[in-house]
Number of protein chains: 2
Amino acid sequence: MAVTIKDVSARCGLSISTVSKAFNNYADISAETRELVHRTAREIGYYPNAIARTLKTNRSYNLGVLFQEERGTGLTHSFFASVLDAFKSECEKHGYDITFINHNIGWTGMTYLEHCRYRNVDGVCVVCANFYAAEVVELVASDIPVVTIDHAFSNRSCVLSENIEGMKALVAHAAALGHRRIAYVHGEHASVTENRITGFYRGLSEHGIEHVPEYLLESVYDSPEAGAEAVRKLMALPTPPTCILMPDDHSALGALSAAKELGLRVPEDVSIGGYDGSRITQMTQPRITTVVQDAQRMGRQAAIYLIDRIENPRTAGSEMGLIPAMLQPGESIGPVPSQHQD
Amino acid sequence: MAVTIKDVSARCGLSISTVSKAFNNYADISAETRELVHRTAREIGYYPNAIARTLKTNRSYNLGVLFQEERGTGLTHSFFASVLDAFKSECEKHGYDITFINHNIGWTGMTYLEHCRYRNVDGVCVVCANFYAAEVVELVASDIPVVTIDHAFSNRSCVLSENIEGMKALVAHAAALGHRRIAYVHGEHASVTENRITGFYRGLSEHGIEHVPEYLLESVYDSPEAGAEAVRKLMALPTPPTCILMPDDHSALGALSAAKELGLRVPEDVSIGGYDGSRITQMTQPRITTVVQDAQRMGRQAAIYLIDRIENPRTAGSEMGLIPAMLQPGESIGPVPSQHQD
DNA sequence: ATGTGATTCGAAAGCGATTTCGGCATCGTG
DNA sequence: CACGATGCCGAAATCGCTTTCGAATCACAT
């Protein structure tokens, strides 16, 4: 069915080896024969079969992408979808395809690492997984080139969003508008979360605001419902916060609707902050004040690091890309209500 | 580096063939040796290499996914991301991995079909492409099993959302609330669009509403900005509509903010309808009345059809899955304002 | 003993490519 | 004219696995 190298060799009366070498730009092929080979290849629609080539060369031009699976939201998470999209585009530019890595393929109980070997991927991008899981650690510690996003392993390349600075900027913005009772609803345990909490603390102290333990609440990323619940709890405190920073934009949406249920106007009665900078923040009323993470750049950078590591195993070291996050003021964080100023 | 079948054969003193046959459940292997092979395989961490197996059997257990690329929004489109997510999960259950198919891989100008052959995919799911493009037609007409989503080719399996019924239900909902000046802002040319327009017309006529040409406007899917612009145009008409149905939920968001800019309350002054049933519709104020498309089920069904076709090439015919869409009432479509009733 | 059938295993070819190494012209040079 | 150098190409091994077909063994009936 498919046209193979044999067809090309037969058609131009050359050996298989010669055709192969013509395709791989070997020096011992004359310009004319190289031209002949390429021409006839084009005529009969020949492309070297990636599978056969991989078997022989051990280079698949295929990259693995590891997405979290414990929670359902893999691809549907807009931030990670953007990262993946950019990663994919950049990979394609360099001739790499991508495949998802998982650990429940078929009946077999393959680990992530085993799945990678099974498919012969040249490298893996760990996008959003539980970085503390044994299986992930095993993969990262293996000889397969790895790049991680939003988590740093020693001796491996990674791309990080500037979470500390981003969070500090958000707190500074709120403080500049007079807020001193600032609450932070954070997501689950992860590097990202730790860094944002650090940024939150630093932001507070830089503006001489002392931290109230009740104002730090754990919630779940990307869950409007959990976000709404957190807001209800906070507003039920004896002295509720005047500004609530949420783990992400979807949670902020949940916060907005919780506020409405409570009869509170945003930002007149309470201010709400988001994180991520997803498109929806610009379409809500009020527009959500958020911190934009440059997902496109993160995905692109990850691809560049990974491919560099694959193609230049000696020279390429483990790089760490810090991608700046930018405050995007909306209307959901406003001046502190006067009766609340202290 | 990697452990091969040879290692297993050496370790248990059996030939390579025997090990292979033990793994593939051949009948001429005794229960004891089969057990021995599996045990030692487990001990030294052996998994058959997918690449080598593919080369020999011409079955890659790899499925291609074709996403639109002309516009940037591939993975970031929430509806398609959901479809893909479900497709992926179902495939993994059956032991298939998935790879993205595109036509600008590296420097080579491969067509979609060539890319599929290059990677030896067992089948392809065309999710959101320009179904009229020559390249796509070529792929669909080839011998590679194909399933399409939201577009039907003769003699190929497909999964369709019930767009006509969905749209009719939406119109009926608006009509029941007294609306007779109903506008429809539709997306670009595509089967989906045609069907929804058909549903729109039918809905109107079923309720004895005559169609006003100015009330049918073309916009772009998933573009709040374009949606907002369409709303501005509609509301500038001599007799503006009382209810505007948008191509999707994101566009509906754009419509909401356009209405706000115009000083119109939703739904008191004008009603807005969405489509898709994405999560955000439940978190806006007002909540958006929309039609839920069961993206999960669509993706799952596509995977089932495709794998069936691959694994049972004789018996499996070309199936057509119609997935019902369901009206999800929110608050953005309300009763017609009294001064507008005619 | 011999033949028969069932059971279990191994040798070897081959999937489509890459890559080493050697062969054969051709050519310049002493 | 001989000889080594150079340029160009092909034979064959190989990657890790599947699968056909024949061989070996054993039991059992003849």
Side-chain angles (χ1 to χ4, degrees), chain A residues 1-38 40-41 44-62 95 108 114-122, chain B residues 1-38 40-41 44-62 95 108 110 114 116-122:
Chain A
M1 193 75 253
V3 34
T4 79
I5 198 174
K6 223 180 284 179
D7 301 316
V8 180
S9 98
R11 200 162 205 272
C12 47
L14 290 166
S15 78
I16 291 179
S17 348
T18 305
V19 174
S20 172
K21 288 199 276 195
F23 256 87
N24 293 293
N25 290 319
Y26 272 61
D28 61 348
I29 300 295
S30 72
E32 302 96 70
T33 43
R34 190 194 320 282
E35 187 42 46
L36 171 66
V37 167
H38 278 111
T40 60
I44 62 179
Y46 167 76
Y47 278 98
N49 181 286
I51 300 294
R53 166 180 280 174
T54 300
L55 183 60
K56 185 62 189 164
T57 62
N58 218 25
R59 289 272 283 111
S60 63
Y61 284 92
N62 215 354
T108 70
E114 284 165 344
H115 194 177
C116 286
R117 294 215 194 282
Y118 168 71
R119 284 284 176 201
N120 272 84
V121 297
D122 292 335
Chain B
M1 193 75 254
V3 33
T4 79
I5 198 174
K6 223 181 282 178
D7 301 316
V8 180
S9 98
R11 199 162 205 270
C12 47
L14 289 166
S15 78
I16 291 179
S17 348
T18 305
V19 175
S20 171
K21 288 201 275 195
F23 256 87
N24 292 294
N25 290 318
Y26 272 63
D28 61 348
I29 299 295
S30 72
E32 302 96 67
T33 45
R34 192 196 317 283
E35 185 43 45
L36 171 67
V37 166
H38 278 113
T40 60
I44 62 180
Y46 168 76
Y47 277 99
N49 181 286
I51 300 295
R53 167 179 281 175
T54 299
L55 184 58
K56 186 63 188 164
T57 63
N58 218 23
R59 289 273 283 112
S60 63
Y61 284 92
N62 215 355
T108 69
M110 270 190 243
E114 284 164 345
C116 287
R117 296 214 194 283
Y118 169 70
R119 285 285 175 200
N120 273 83
V121 297
D122 292 335

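Because the structure is predicted, anything quoted here is derived from the model rather than measured. Quick note on labels: first sequence line is chain A, next is B, and so on, each numbered from 1.
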Legend entry - From CA spacing to verdict: side-chain contact (heavy atoms from CB on, under 4.5 Å), B:R34, B:N25: CA-CA 8 Å; B:R34 192 196 317 283; B:N25 290 318; 3.8 Å; yes

Inset, instruction - Please determine if a side-chain N or O atom of A:N49 lies less than 4.0 Å away from the OP1 or OP2 oxygen of C:dA17. - result: no

Inset, instruction - Calculate, to the nearest 0.5 Å, the distance between atoms OH and CZ belonging to A:Y47 and A:R53 respectively. - result: 12.0 Å

Show the distances under 3.5 angstrom between N or O atoms of the protein and N or O atoms of nucleotides 9-12 of chain D.
from	atom 1	to	atom 2	distance (Å)
D:dC9	OP2	A:S30	N	3.0
D:dC9	OP2	A:S30	OG	3.4
D:dC9	OP2	A:T33	OG1	2.9
D:dC9	N4	A:D28	OD2	2.7
D:dG10	OP2	A:S15	N	3.0
D:dG10	OP2	A:S15	OG	3.1
D:dG10	OP2	A:T18	OG1	2.3
D:dG10	O6	A:K21	NZ	2.4
D:dA11	N7	A:S17	OG	3.2
D:dA11	N6	A:S17	OG	3.2

Legend entry - Nucleotide of C:dT18, D:dC17, D:dT19 approaching B:R53 most closely (side-chain heavy atoms): D:dC17

Inset, instruction - Over all heavy atoms of both residues, which pair between A:D122 and A:N58 is shortest? Give the atoms and the distance, please. - result: OD1-O, 4.1 Å

Legend entry - Nucleotide C:dG16, atom P - distance to CZ of A:F23 in whole Å: 16 Å

Inset, instruction - For the helix from C:dA1-D:dT30 to C:dG30-D:dC1, figure out the bend between the end axes, five pairs an end, and round to 10 degrees. - result: 70°

Inset, instruction - May I ask you to evaluate whether A:S20 reaches the phosphate of C:dA17, defined as a side-chain N or O under 4.0 Å from OP1 or OP2? - result: no

Legend entry - Nearest-Å distance for atom pair OH/P, residues B:Y26 and C:dC9: 15 Å

Inset, instruction - Assess whether side-chain contact (heavy atoms from CB on, under 4.5 Å) is satisfied between B:V37 and B:I29, documenting all intermediate values. - result: CA-CA 10 Å; B:V37 166; B:I29 299 295; over 6 Å; no

Legend entry - Heavy-atom closest contact (B:A22 atom, B:H38 atom, distance): O-CE1, 3.6 Å

Inset, instruction - Identify the two heavy atoms, one from A:R119 and one from B:S60, that lie closest to each other, and give their separation to 0.1 Å. - result: NH1-O, 2.9 Å

Inset, instruction - Would you kindly give the OH-to-P distance between A:Y61 and C:dT18, to the nearest whole Å? - result: 11 Å

Inset, instruction - Map A:A31 and B:N24 onto DNA chain D by nearest heavy atom, then report which one ends up closer to the 5' terminus. - result: A:A31

Inset, instruction - Identify which nucleotide among D:dG16, C:dT19, C:dT18 has an atom closest to any side-chain atom of A:L55, counting heavy atoms from C-beta outward. - result: D:dG16

Legend entry - Length of the line joining B:Y118:OH and C:dA17:P, which is rounded to integer Å: 11 Å

Inset, instruction - Look at the side chain of B:S20 and the backbone N and O of B:I16, then say whether any donor-acceptor pair between them is shorter than 3.5 Å. - result: no

Legend entry - Atom-pair distance (CD1 on B:I5; C1' on D:dT19), nearest Å: 12 Å

Legend entry - Modelled atom types, side-chain donor and acceptor of A:N62 and A:N120, under 3.5 Å: no

Inset, instruction - Name the nucleic acid region contacted by B:N58, choosing base, sugar-phosphate or nothing; use a 4.0 angstrom heavy-atom cut-off, strictly under. - result: nothing

Inset, instruction - Answer yes or no: does a side-chain N or O of A:Y46 lie under 4.0 Å from OP1 or OP2 of C:dA17? - result: yes

Inset, instruction - Can you see which heavy atom on B:V3 is nearest to which on B:G45, and at what distance? - result: CG1-O, 3.2 Å

Legend entry - Length of the line joining A:Y47:OH and C:dT18:P, which is rounded to integer Å: 15 Å

Inset, instruction - Find the distance B:R59:CZ to C:dC15:C1' and express it as a whole number of Å. - result: 16 Å

Inset, instruction - In whole angstrom, give the distance that lies between atom CZ of A:R119 and atom P of D:dG16. - result: 17 Å

Inset, instruction - Considering just the side-chain nitrogens and oxygens of A:T57, establish if one lies under 4.0 Å of OP1 or OP2 belonging to C:dT18. - result: no

Inset, instruction - Taking the six-membered ring for Trp and the full ring for Phe, Tyr or His, determine whether the centres of A:F23 and A:Y46 are under 6.0 Å apart. - result: yes

